[in-house]
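Written below as structure tokens is the structure these notes are about.
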Number of protein chains: 2
Amino acid sequence: MVTIKDVALRAGVTKQTVSNVINQRPVVKPATRERVQQAIAELGYTPNLIARGLATGQSMMIGLVVPTLANPFYTELIERLERCLEVDGYGIALCTTDGDPDRATQQLVTLKRRYIDGLILFDDGNVSRHLDLVRQLELPFVLCGSEPEIPAGTPVVTFDHARAGYLAGEHLRELGHREIAVVGEFPAHRMRLYGAERALAEGSIAIRPTRIVSTPEKSQRGGVRAATQLLADHPEVTAIIATHDLLALGVLQAAGATGRRVPDDLSVIGIDNIAAAASAEPPLTTVAFPIDQLAQESVDHLLGLLRLTRPEPAAVSLTPRLVVRESTAPPH
Amino acid sequence: MVTIKDVALRAGVTKQTVSNVINQRPVVKPATRERVQQAIAELGYTPNLIARGLATGQSMMIGLVVPTLANPFYTELIERLERCLEVDGYGIALCTTDGDPDRATQQLVTLKRRYIDGLILFDDGNVSRHLDLVRQLELPFVLCGSEPEIPAGTPVVTFDHARAGYLAGEHLRELGHREIAVVGEFPAHRMRLYGAERALAEGSIAIRPTRIVSTPEKSQRGGVRAATQLLADHPEVTAIIATHDLLALGVLQAAGATGRRVPDDLSVIGIDNIAAAASAEPPLTTVAFPIDQLAQESVDHLLGLLRLTRPEPAAVSLTPRLVVRESTAPPH
DNA sequence: CTGAAAGCGCTTACAG
DNA sequence: CTGAAAGCGCTTACAG
């Protein structure tokens, strides 16, 4: 491994001068800079980030704590975050919690020991617990996309989940549906449900409690199971809201398996607008979040915190929009 | 941040002694150890991994270079790798290349600068190019799950892709299909195709070149498009092999959209056995790889390389098995 | 079994 | 504009 010393030797200067040209400090005389850069190129020198990290206290790594990689919504978000982060030279240390709070605790502590510069936390159902730890660890962080009520002053970039639910409910109401059911992950998605209920209430429609089914599985299969049961118990239902697209894809499948045509016999609407929604059969009507913006604002926010002496926490809430495709239609 | 010095001060020893108890060196007198551990607990001390990394030359981070997070096969693998790695205290630095070789080059160089201890490389279509760089960087690595022919002596843990293709072809042959088409990602999956062709040849069946369609899109949508076109051009086809499950899911969808029932009108078989395959409609017949074993052997292999002075590269090839579900049946 | 010294590869004031 | 010194928080021989 070639070090700063080797470069200095070759360029006939001391390592401090090399350090100065690497860090583009404008104190170096052009001629010297030239010589140093030459030496760097010849030797193929590239600064050791670990050493720099120890000296500056910055590792240039951001910890990403996500519930699972099984939901495309998260993976789409992660890929975007990676691109936003790399612009400023940050790398990603990835941790998937799988919803296990003890594992998450362990992961957070390890991240701290790795001198992670900051943390992007997703909502895995245990945020409030993680928040305590993260604060105790004094790790700069931003909550990304989380739904639950968060204490004021917590830095969070998220969507207006209630609004998303509202848009879904409103769409069905305007189509004329009255027999509506909900398949969802609760309590995680309670705000989405709340929004939907509010939109329906404006048309004097109430969702009967027995038609709100919670699935323990976060997967498409969870949607299949829940919807199959739901349609058996309540065959009169004309529309189903799934609190996220992966579940909606399962609902679509359950509809097909029980002989219902979508949207003729049953309307289905999701939330998230994952890539697979557009290519579903039929293409899924859903509520889209501005995910690029979520990624960008999350890293802007976090990097802002890192630079500020006295962090100024703020809450950002991004607005969703309805994406009408072919899985919804008026009831017969 | 509390440091080793603080602990030493409190325990009334020098920091070297603290270091000795942390690293469980059996040279410390029990009484001293006790005192030090007490101090560690009281102060909540936890060693700074960056500093340790600089001193030992080990960052305890493994770089993971993957093509995309959009294919569940990769994300399932990543989650498993994470679990295998954390047992030995290693964290993951994640890079997605998106198939862009220049970006990948940049990522590899940065990984090197971060003093990554080792690298797990997935096949993103540019392995041979990456291999040159990785060797030049002197980064210990293992190729994970890759398909292409790799120079002898390269450490690789993978599946027998040709065998997977063979099993798919054999299954269709045994069911009595003769009009067979293939939807795949080529050249990436050429070995899978080769295996399928070999199995079919044993029944004197040849796949006509025009019935082999390559999709540029790695997604489910790519499968939909390719299969739709294929079925329009070759309506006589009774079975389709998709070179991976995500594509197969798309084929299933295209079949439905063009009014074909699976498996009555068309048999569909995939490869990979991603979680979604089991819950597809109908459940997808596929060829399963032992993914847990792939993850475990990959990290065993890499960690082995890290520990050995003179690395002993080896090639491991894991055997796939056929998983018959409901998307395949004899032709009419 | 414990302590004094040197070093990992960088950066950051501080003199000159 | 450049160099000598100290330090980031650890570990690793090496004396005692």
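- Side-chain proximity of A/A55 to the nucleotides D/dC10, D/dT11, C/dC10 is greatest for C/dC10.
- By the side chain to side chain contact (heavy atoms under 4.5 Å, CB included) test, A/Q296 is found to be paired with A/C84, A/V299, A/D300, residues two or more places apart in sequence or in another chain being considered.
- Separating the CG atom of B/L43 from the P atom of D/dG9 is a distance of 14 Å, rounded to the nearest angstrom.
- Near DNA chain D, defined here as any heavy-atom distance below 4.0 Å, the residues from residues 19-39 of chain A are A/P26, A/V27, A/V28, A/K29, A/T32, listed numerically.
- Using a 30° and 60° split on the angle between ring planes, B/F122 and B/Y74 fall in the tilted class, from 30° to 60°.
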What pairs of donor and acceptor atoms, side-chain ones from residues 6-17 of chain B against any protein atom, are under 3.5 angstrom apart with sequence neighbours left out?
residue : atom : partner : partner atom : Å
B/D6    : OD2  : B/T3    : N            : 2.8
B/R10   : NE   : B/E42   : OE1          : 2.6
B/R10   : NH2  : B/E42   : OE1          : 2.8
B/T14   : OG1  : B/Q16   : OE1          : 3.2

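- Distance A/L54 CG to C/dT11 P: 11 Å, rounded to the nearest Å.
- Contact of the B/T158 side chain with the B/V316 side chain is not registered, since no non-hydrogen atoms from C-beta on lie closer than 4.5 Å.
- Here the side chains of A/I291 and A/F73 are in contact, with some heavy-atom distance below 4.5 Å.
- Rounded to an integer number of Å, the gap from B/Y45 OH to D/dG9 P is 10 Å.
- Summarising the geometry, the separation between CZ on A/R113 and C1' on D/dG9 is reported as 13 Å, rounded to the nearest angstrom.
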Set out, line by line, the N/O atom pairs under 3.5 Å between protein and nucleotides 14-16 of chain C.
none

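- Applying the side chain to side chain contact (heavy atoms under 4.5 Å, CB included) test to A/A51 and every residue at least two apart in sequence or in another chain returns A/N48, B/L54.
- Nearest heavy atoms, B/D98 versus A/R83: OD2-NH2, 3.1 Å.
- In this structure, A/I4 places its CD1 atom 17 Å from P of C/dG7, rounding to the nearest Å.
- Under the side chain to side chain donor-acceptor pair (under 3.5 Å) criterion, the residue pairs touching residues 58-71 of chain B are A/E79-B/T68, with sequence neighbours excluded.
- Take B/D292 and apply the salt bridge (charged side-chain N to carboxylate O under 4.0 Å, His left out) test, not counting sequence neighbours, and it matches B/R80.
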Pairing pattern in dot-bracket form [Watson-Crick, G-U; both distances under 3.5 Å; | = partner strand] for DNA chain D: |||.||||||||.|||
Could you pull out every donor-acceptor pair under 3.5 Å between side chains of residues 130-143 of chain B and any protein atom, sequence neighbours left out?
residue : atom : partner : partner atom : Å
B/H130  : NE2  : B/D124  : OD1          : 3.2
B/H130  : NE2  : B/D124  : OD2          : 3.2

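- A/C95 is linked by a side chain to side chain contact (heavy atoms under 4.5 Å, CB included) to A/V65, A/Q107, A/L111, B/E82, counting only residues two or more places apart in sequence or in another chain.
- Remark: A/Y115 is not in phosphate contact with D/dC10, judged by side-chain N or O atoms under 4.0 Å from OP1 or OP2.
- Between the C1' atom of C/dG9 and the CD atom of A/Q58 lies a distance of 17 Å, rounded to the nearest Å.
- Using a 4.0 Å cut-off on heavy atoms, the residues of residues 8-17 of chain A that approach DNA chain C are A/K15, A/Q16, listed by number.
- Between the CD1 atom of B/I40 and the C1' atom of D/dG9 there is a distance of 14 Å, given to the nearest Å.
- Checked against side chain to side chain contact (heavy atoms under 4.5 Å, CB included), B/L49 has the following partners two or more places apart in sequence or in another chain: A/R113, A/R114, B/R52.
- If you take CG on A/L121 and CG on A/N126, they are separated by 11.0 Å, rounding to the nearest 0.5 Å.
- The shortest non-hydrogen separation linking B/F289 to B/D160 is CE2-O, 4.4 Å.
- Atom NZ of A/K112 and atom P of D/dG9 are 12 Å apart (whole Å).
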